[in-house]
K.L.:
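Below are the structure tokens for one structure; questions will follow.
The analysis underlying the following values was restricted to heavy atoms, covering all of them including side chains, and did not include hydrogens, waters or symmetry mates. Chain identifiers are assigned alphabetically (A, B, ...) following the order of the sequence lines, protein sequences preceding nucleic acid strands; residue numbering begins at 1 within each chain. Note that the coordinates shown come from a computational prediction; the quantities given were computed from them, not determined experimentally.
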Amino acid sequence: MDISLAHKQQKHPLMPAAPRWQVWLPILMLVAFLIGWEALVRLSNIPAFILPSPGAVGAKLANVVLNGTLLHHSIVTLAEVVGGLALGLTVATVLGYLLAKSVTVERALAPYLVASQAIPIVAIAPLLVIWFGSGMFSKVLISALIVFFPILINTIAGIRGVPADLHDLMRSLRATRWQIFSKLEVPASLPVLLAGLKIGATLSVIGAVVGEFAGANAGLGSMISLADGQYDTARMFVGVLALVTMALALYGTVTWIERRALRWQK
Amino acid sequence: MPIRLCGKNKTTTPKRETTECPDNLCVYMAQAGYLLDGLFYVTISAGDINLESIGIMSTPKLELRNVSKTFHANGMVVRALENISLAVTPGEFLTVIGPSGSGKSTLFNLITGLLEPDSGEILLDGVVDVVRAGHFGYMPQRDLLLPWRSVLDNVIIPLELRGIPRTDARTRARQMLPMFGLEDFADSYPASLSGGMRQRAALLRTILTERDTLLLDEPFGALDALTRRELQDWLLGLWEQFRQTVVFITHDVEEALYLGDRVAVLSPRPGRVANMLAVDLPRPRRRGMIALPQFGRQMSELLESLGVEV
């Protein structure tokens, strides 16, 4: 999967096209890894609360899927993540646009925006839970906070990156501000904005989990921290697995949107 | 009583000075300031004076009067244009030539209203218009096609910005594609087009502004010699058909002569009109005319006024 930031790199992948059979390489790696893991657990007698075998994790997974626990927690976390992403995206793009267009606004706000990034999100998560309760809203906020900065930076870069002569062309055609915004600035900055959203998508999952660790009664993060207290290590593995899947799915969705919206780049 | 004050700048309107005209009219017109030309037209035709005898048969499509522009950048003062005066008559093909840095593009930025002159005035159809944007089909140096739009959707931008629904605009533009040799590329993205085709697409976009004055800024400057000649002839064919007023900036002396009715030579910075030359070639132009003796003569005259040793 491509995690590069710059879009131009996508056109020129560093690796040459692989032969067909190599598609199976990652899966082969995974199987080898699982076999090695299972062998390690069996041969060395490591207790299950320290390292459960893949088999035990699989059994736990089947268990929580069947009794609905996993679905329940996943839905809560997903809602927090999507909410956080939406909130962070909205605030970051609006503010980013203003910052990009006005040097005055940038001068006034830039130091605080940068400083806000110096605050470790883990440190203020408990505070936000105290203020806004242990429900979903505090997690949405934490997730939005962590998503905010990369999208903000990319929005500014995208809008500022619109070539001046394209602006001149639109002005010579007497385009209104709204027309310049919708027909020039938005499409022109979309590649950079979507790159920011890609980073934001994976970060938003981290944000929600951090929030749930700080205090929650539902969600994958709270499921993990509960399992931690009960030495149910297999369940923790299941939680992590579900979070990874979620992050991948979100990343894949943004990539899909990107492919559709930026077809002209191919 | 002879008119002495009927133009703001007497040197640009010499014919009017000897014309009979009521005294109070002149004073009135002088007070009217920049509206002078418009009023002149109306007032005179209401009176008994024959317009032809005054020599203002047609108001210039575009007129620059003593336009100057200076830029300040990094503490440096750059005088781009100084006292430029130019008049382009309706339907005329005027080429503007000058060394690089003579403010050719600044000239267009002033005309299109992207910049305002420091002094002097710019008249459209004899009137000083505050909002000049949107009056011209302006084609900048780079083709500036939007990479995310197909060729068809690029050329309809001027129509779209005027509020014409996309489907209508597309229908209208599609009919024009064959004339521009773009009918097979309607749905291609600009990145997949050759340089010549991109320029043609940009030119179609300019034509679709549906303005009767076109400002073309070195449209063929970046093309190879063969494509350039092909497009010159094609542009002339197009112009014979539509007869818009064209101002065409170039740095190529041969191109300036071959295309233009008149050639304005700009001096190096600060740019001013160093020479104005009426091209001594019949229309329609043919490639072979390059071999005519007057072509060679005017070519060396142009080169001389550009400061090139001939």
K.L.:
Using a cut-off of under 4.5 Å on heavy-atom pairs, state which of Arg142(B), Arg149(B), His135(B), Arg162(B) scores highest against chain A.
P.N.:
Arg142(B)

K.L.:
Tell me, side chain or backbone of Ala261(A) under 4.5 Å from chain B's heavy atoms, or both, or neither?
P.N.:
neither

K.L.:
Between the side chains of Asp118(B) and Ser68(B), does any donor sit under 3.5 Å from an acceptor?
P.N.:
no

K.L.:
Quick check on Pro147(B) against chain A: is it the side chain, the backbone, both or neither that has a heavy atom closer than 4.5 Å?
P.N.:
both

K.L.:
Are the charged groups of Lys101(A) and Glu185(A) less than 4.0 angstrom apart, N to O?
P.N.:
yes

K.L.:
Report which part of Leu146(B) has an atom under 4.5 Å of a heavy atom belonging to chain A: side chain, backbone, both, or neither.
P.N.:
side chain

K.L.:
Do we see a donor-acceptor contact under 3.5 Å between the side chains of Thr227(B) and Asp224(B)?
P.N.:
yes

K.L.:
Name the region of Leu169(A), side chain, backbone, both or neither, that has any atom closer than 4.5 Å to a heavy atom of chain B.
P.N.:
side chain

K.L.:
Applying side chain to side chain contact (heavy atoms under 4.5 Å, CB included), run through Leu215(B) and Met139(B) and close with a yes or a no.
P.N.:
CA-CA 6 Å; Leu215(B) 305 174; Met139(B) 179 172 166; over 6 Å; no

K.L.:
Can a cation-pi geometry be assigned to Lys69(B) and Phe71(B), taking NZ or CZ under 6.0 Å from the six-membered ring centre and within 45° of the ring axis?
P.N.:
yes

K.L.:
For Ser105(B) and Asp217(B), test the side chains for any donor-to-acceptor distance below 3.5 angstrom and give the result as yes or no.
P.N.:
yes

K.L.:
Within residues 194-214 of chain B, which residues come under 4.5 Å of chain A, heavy atom to heavy atom?
P.N.:
Arg205(B), Thr209(B)

K.L.:
Is there a side chain to side chain donor-acceptor pair (under 3.5 Å) between Thr95(B) and Glu255(B)? Walk through the geometry before answering.
P.N.:
CA-CA 9 Å; Thr95(B) 49; Glu255(B) 184 171 72; over 6 Å; no

K.L.:
Flag the one option from Glu160(B), Gln141(B), Arg132(B) with the top tally of heavy-atom pairs under 4.5 Å to chain A.
P.N.:
Glu160(B)

K.L.:
Verify the ring-centre separation between Trp148(B) and Tyr189(B): is it less than 6.0 angstrom?
P.N.:
no

K.L.:
Taking the six-membered ring for Trp and the single ring otherwise, decide whether the centroids of Phe108(B) and Phe136(B) are under 6.0 Å apart.
P.N.:
no

